[in-house]
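One structure is given here, and the rest of the page talks about it.
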Amino acid sequence: MAELKLSHIYKKFGKVVAVGDFNIDVADGEFISFLGPSGCGKTTTLRMIAGFDKPTEGIITIGDREVSNAEKGFFLAPEKRGIGMVFQSYAVWPHMNVVDNVGYPLKIQNVPKEERLKRVMNMLELVHLKEYAERFPNQLSGGQQQRVALARALVAQPGLLLLDEPLSNLDAKLRESMRFEISAIQKELGITVIYVTHDQSEAMTMSDRIVVMSMGKVQQIGKPYDIYTNPANQMVADFIGLVNFIPAIAKGDRIFMQGSENISFPNPKQIAGNAVLAVRPENITISKTGGMVEGVMHHRFYMGDSVDYRIKVKEQFIRVIQKGSDYTAYHNGDKVFLDFENVMSFENEG
Amino acid sequence: MKKSLPRLDSKFIVIAISVLLLLYFIVFPLLILIYDSLFVNGVFDISNYKEVYGKKVNWKALTNTVQLSLIVMVASVIITFPMAWLVGRTNLPGKKIFRTILVASYMIPPYVGAIAWVQLLNPSVGYLNDFIKFIFGLQKAPFDIYTMGGLAWVLTLFYSPFAFITISRAMEKMDPTLEEAARISGSSPLKTLWDVTLPLMMPSIVAGGLLVFIAAASCFGIPAIVGMPGNIEVMTTRIVTFVYMGDAKGIRDATALAVSMMVIANGLLFFMSWLLSHKDYTTISGKSTRPNIVELGKWKWPAFALVAGYAFIAVILPLTSIVVTSFLVSMSKGLALDNFGIDAWIPVITSSQYLESIWRSVGYGIIAACIGTILSLFVAYLSVKTKITGRSLPDLLVVLGGATPSIVIALALIITFSGNYGLNIYSTMWILIVSYLVKYMTMSVRTIAASLSQVHISLEEAALNSGASWIRTCKDIIMPLVAPSIVAGWFLIFMPSFYELTMSNLLYGADTKSIGVLLYELQTYADTQNASVLSVIILLIVLIGNVILNKVTKGKVSI
């Protein structure tokens with residue numbers, strides 16, 4: 001089992017900074033997700049951990065072993081890092097059957113044939129592929145190839161498992177069941193996992209901690225609950241979950257909604273000047289009788305279990321989500337009042 | 001749906017004419033060739049086979065051909081696989097230039113390469129032999145080009161690009177994460193190459209190797225220039241000797257050899273396409289397929305030296321030799337400064353005989369390219385865009401023509417079109433043009449078909465829907481969209497036709513001597529300087545063609 005430590009990791013391609021100053025301490029057995037839009041640097045970071053890309057600056061340590069130190073010019077090749085990895089394309093070798101694919105890392109370690117077969121079969125049992133042992137990849141479905149890739153990554157009992165968007169090529173149903181399967185296997189083996197994804201619900205449901213990335217920079221590292229309820233900045237608030245941003249002005253201990261000088265919220269971060277208020281759609285209540293702000297019901301999208309409202313307040317549309325049974329209570333054009341709860345505030349980043 | 005009937009008609013007529021032309025000029029002659037080799041006056045008689053293979057010289061030619069082609073095939077794969085890997089998958093310095101140089105030797109006519117290597121390594125006055133003698137103080141020339149070894153050497157240098165192109169294309173297509181998965185499993189770069197890259201590339205390696213085998217076995221120019229002086233005969237040179245006899249018996253003996261060659265070449269090609277379609281190595285590819293560049297580390301410069309050395313020997317050295325020789329005043333004086341001049345150029349560019357040959361070959365190339373491109377367009381359209389039963393038959397016929405050794409095509413055309421079966425075009429320019437079309441249309445069909453398959457059928461349907469006829473739709477919609485590939489297809493026929501030797505050598509008449517034949521004659525009559533001048537002119541024209549081709553297709557197609 002292994003801890004992972006990245007300190008001051010940079011990756012530059014010429015003048016372009018793909019990853020800038022990445023720092024993290026991952027505990028043994030922790031499940032970490034790198035989450036962010038495409039091109040944010042998450043895959044590059046993963047490839048630096050694996051050893052496929054060289055960091056321009058910084059130190060990477062796996063367990064108690066330094067694997068990359070840019071300052072000393074030290075760089076350990078991928079095959080010497082003892083890591084398991086699952087690729088987005090699965091990368092299951094088409095010229096080998098399932099047993100040979102999964103057993104390959106053990107073959108490299110010169111594990112005797114009998115023991116190798118035993119360990120491969122144990123792995124195949126873990127991923128529910130025992131009856132497919134003799135098949136070739138082109139006789140397997142995408143989901144089954146995925147399991148082969150997972151079994152191959154785990155068979156040598158690595159301390160660290162890297163997963164690069166492993167579920168993105170699967171259909172929606174399979175994706176959901178694989179999520180729980182991967183989580184269960186991780187808990188059973190107690191392995192440290194780095195999981196790269198752009199799907200926030202994957203990151204939220206599986207991770208102990210999430211690293212939110214954007215434009216090559218780490219925006220926030222935290223537990224899913226903390227990231228959702230207390231995002232570090234406007235970008236994180238916007239990327240994780242749904243949110244309404246309302247322009248505001250901070251004066252002293254209070255933040256005033258722009259244009260409504262009588263409505264204000266606390267200013268815990270001591271922001272000065274232009275600010276932004278952020279409130280999640282489920283934290284807004286609608287009423288016909290009275291509330292903080294007045295608006296007009298503009299549109300309603302009925303989704304069965306919930307209703308997604310657009311309410312026009314001054315020049316801005318506010319999005320509100322409430323339970324589906326309220327659908328018939330309002331009509332387009334109705335005058336309504338809104339109350340905000342759990343309002344977050346950020347400096348205006350423009 | 002009033003329009004659908006005449007639409008189908010015009011389409012059908014055009015396509016029917018194309019199919020009939022292909023049947024008449026490709027299939028019919030080959031059938032006649034086979035028939036003539038097996039029957040005499042309608043009676044089954046294979047005494048010619050017995051007689052031909054009963055003679056030691058022919059049997060020796062067959063074993064020489066097989067032996068040489070095998071050596072060349074194996075050598076080409078052994079040389080080009082690491083080369084393709086170094087150029088495509090590592091941080092080798094200057095790999096882009098190396099790729100261009102290694103592919104470029106494909107556009108040098110093989111007989112020009114042969115002439116160059118004769119200049120470099122002939123035992124009496126070879127430049128390279130003299131150089132090595134001088135450096136090491138040797139009494140005797142270290143190499144003799146007029147041997148099996150010399151022949152294998154030149155064939156390997158000039159046909160290995162077939163293997164290089166096939167292998168490096170497959171290497172570029174391979175999902176790099178397949179290799180990364182091996183690395184992360186604990187495998188070193190070299191072991192990964194052995195365990196993953198090599199097995200996955202195997203079908204392409206075999207395909208590239210077989211292409212080299214067939215090309216080497218079908219080659220006439222190199223064995224004629226390098227082998228004949230040393231009395232080394234191969235199948236193609238034997239066939240030419242038999243045809244030169246000019247009598248019915250000579251031709252009949254030639255047919256026996258030609259049919260044997262055809263069976264081997266076409267058999268191997270069908271085996272190859274079966275092999276490639278048989279193994280299903282398709283894999284799902286993810287987004288992160290950035291090229292996985294292997295760091296060569298301390299091997300970087302040794303590898304560079306190796307590839308640079310090969311590129312120098314394979315391409316730069318022979319080309320330099322040709323150019324230098326063309327500017328020598330007198331061959332016997334060697335490489336002295338006062339021996340350089342344009343003396344050898346003057347007779348060539350002032351002689352009407354030479355100039356006529358050049359313009360003639362340019363003209364034949366242009367006619368062949370124009371007819372071939374139009375036919376290719378119809379064949380490609382039929383196979384890619386229609387659902388008519390047997391739509392891929394014309395495509396198959398064209399491939400059959402391209403896969404047949406040139407010498408076999410030439411012999412088949414001689415037998416069929418000298419009046420015995422109606423049409424007589426023997427000794428006219430048309431028999432040359434037909435032979436070029438049979439041999440070279442396949443590349444242009446491939447190129448145009450690839451581009452046509454990118455044009456979605458709905459674009460065409462939208463034009464028909466707007467009221468345009470099928471012919472009008474071709475003119476207004478399809479043509480403009482596939483125009484670059486049509487230009488590419490045109491050059492892919494023009495260039496090899498322009499410098500063709502093997503078929504022209506058997507088919508030319510008194511007034512239709514092509515530049516390839518003229519060059520071959522100059523070389524055999526030991527006028528190596530004028531031969532060099534002509535070679536330089538051919539190379540220049542091919543170079544200009546390639547530059548245009550590169551511009552038009554934005555670097556996607558070249559010879």
Side-chain angles (χ1 to χ4, degrees), chain A residues 38-39 43-44 46-47 49-54 75 77-96 100-110 136-139 141-142 145-146 148-149 152-153 155-156 158 160-162 164-166 168-170 196 198, chain B residues 81 88-91 167 170-207 275-300:
Chain A
S38 57
T43 296
T44 307
L46 192 79
R47 291 175 61 84
I49 299 170
F52 294 127
D53 281 336
K54 254 187 201 173
F75 181 78
E79 63 268 24
K80 294 184 182 133
R81 295 191 179 194
I83 296 175
M85 183 162 175
V86 176
F87 296 83
Q88 186 182 16
S89 60
Y90 319 143
V92 175
W93 300 303
H95 61 298
M96 300 184 195
D100 290 342
N101 259 286
V102 175
Y104 187 76
L106 299 179
K107 200 173 153 196
I108 295 288
Q109 293 179 5
N110 295 318
F136 277 85
N138 60 5
Q139 300 166 307
S141 70
Q145 291 187 28
Q146 164 85 74
V148 174
R152 181 179 63 191
V155 75
L160 177 62
L161 176 65
L162 308 178
D164 184 10
E165 307 226 14
S168 62
N169 284 330
L170 302 180
V196 163
H198 62 266
Chain B
F81 181 80
R89 281 298 172 84
T90 69
N91 63 340
I167 292 171
M171 221 172 245
E172 278 157 19
K173 269 196 195 160
M174 201 178 88
D175 180 355
T177 59
L178 289 169
E179 290 168 319
E180 291 179 350
R183 295 292 301 281
I184 206 83
S185 300
S187 167
S188 68
L190 215 60
K191 184 125 179 67
T192 302
L193 187 66
W194 185 255
D195 282 350
V196 175
T197 318
L198 202 61
L200 287 178
M201 301 283 306
M202 207 35 97
S204 316
I205 291 173
V206 173
L275 188 82
L276 284 180
S277 63
H278 184 65
K279 288 221 164 183
D280 184 14
Y281 278 176
T282 44
T283 48
I284 305 154
S285 182
K287 57 137 215 263
S288 67
T289 45
R290 46 186 120 178
N292 166 28
I293 298 299
V294 174
E295 300 277 335
L296 290 172
K298 63 181 175 193
W299 294 104
K300 189 164 148 180

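In the text below, chain A, chain B and the rest are named by the order of the sequence lines, each starting its count at 1.
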So, A/Arg47 and B/Glu180, do they make that salt bridge, N to O below 4.0 Å?
yes
For B/Lys300, what residues pass the salt bridge (Lys or Arg N to Asp or Glu O under 4.0 Å) criterion, not counting sequence neighbours?
none
For a quick test of reading the model, state the closest non-hydrogen atom pair linking A/Val92 to B/Leu178 and the distance between them.
O-CD2, 3.5 Å
Shortest non-hydrogen contact from A/Pro94 toward B/Leu200:
CG-CD2, 3.3 Å
With a 4.5 angstrom heavy-atom cut-off, which part of A/Ala156 approaches chain B: side chain, backbone, both or neither?
neither
Can you tell me how far the CE atom of B/Met201 sits from the NE2 atom of A/His95, to the nearest 0.5 Å?
12.5 Å
More than 12 heavy atoms of other groups within 6.0 Å of B/Lys191 NZ:
yes
Which heavy atom of B/Ser188 sits nearest a heavy atom of A/Glu79, and at what distance?
CA-OE2, 3.4 Å
A/Ser89 and B/Thr177 have their tightest heavy-atom pair at OG-OG1, 2.8 Å
Measuring only between side-chain heavy atoms, which start at C-beta, is A/Phe87 closer than 4.5 Å to B/Asp175?
no
Identify the heavy atoms of B/Ser185 and A/Trp93 that sit nearest to each other, and give their distance.
OG-CH2, 4.0 Å
Looking at CD1 of B/Ile184 and CG of A/Leu161, how far apart are the two atoms once the value is rounded to the nearest 0.5 Å?
10.0 Å
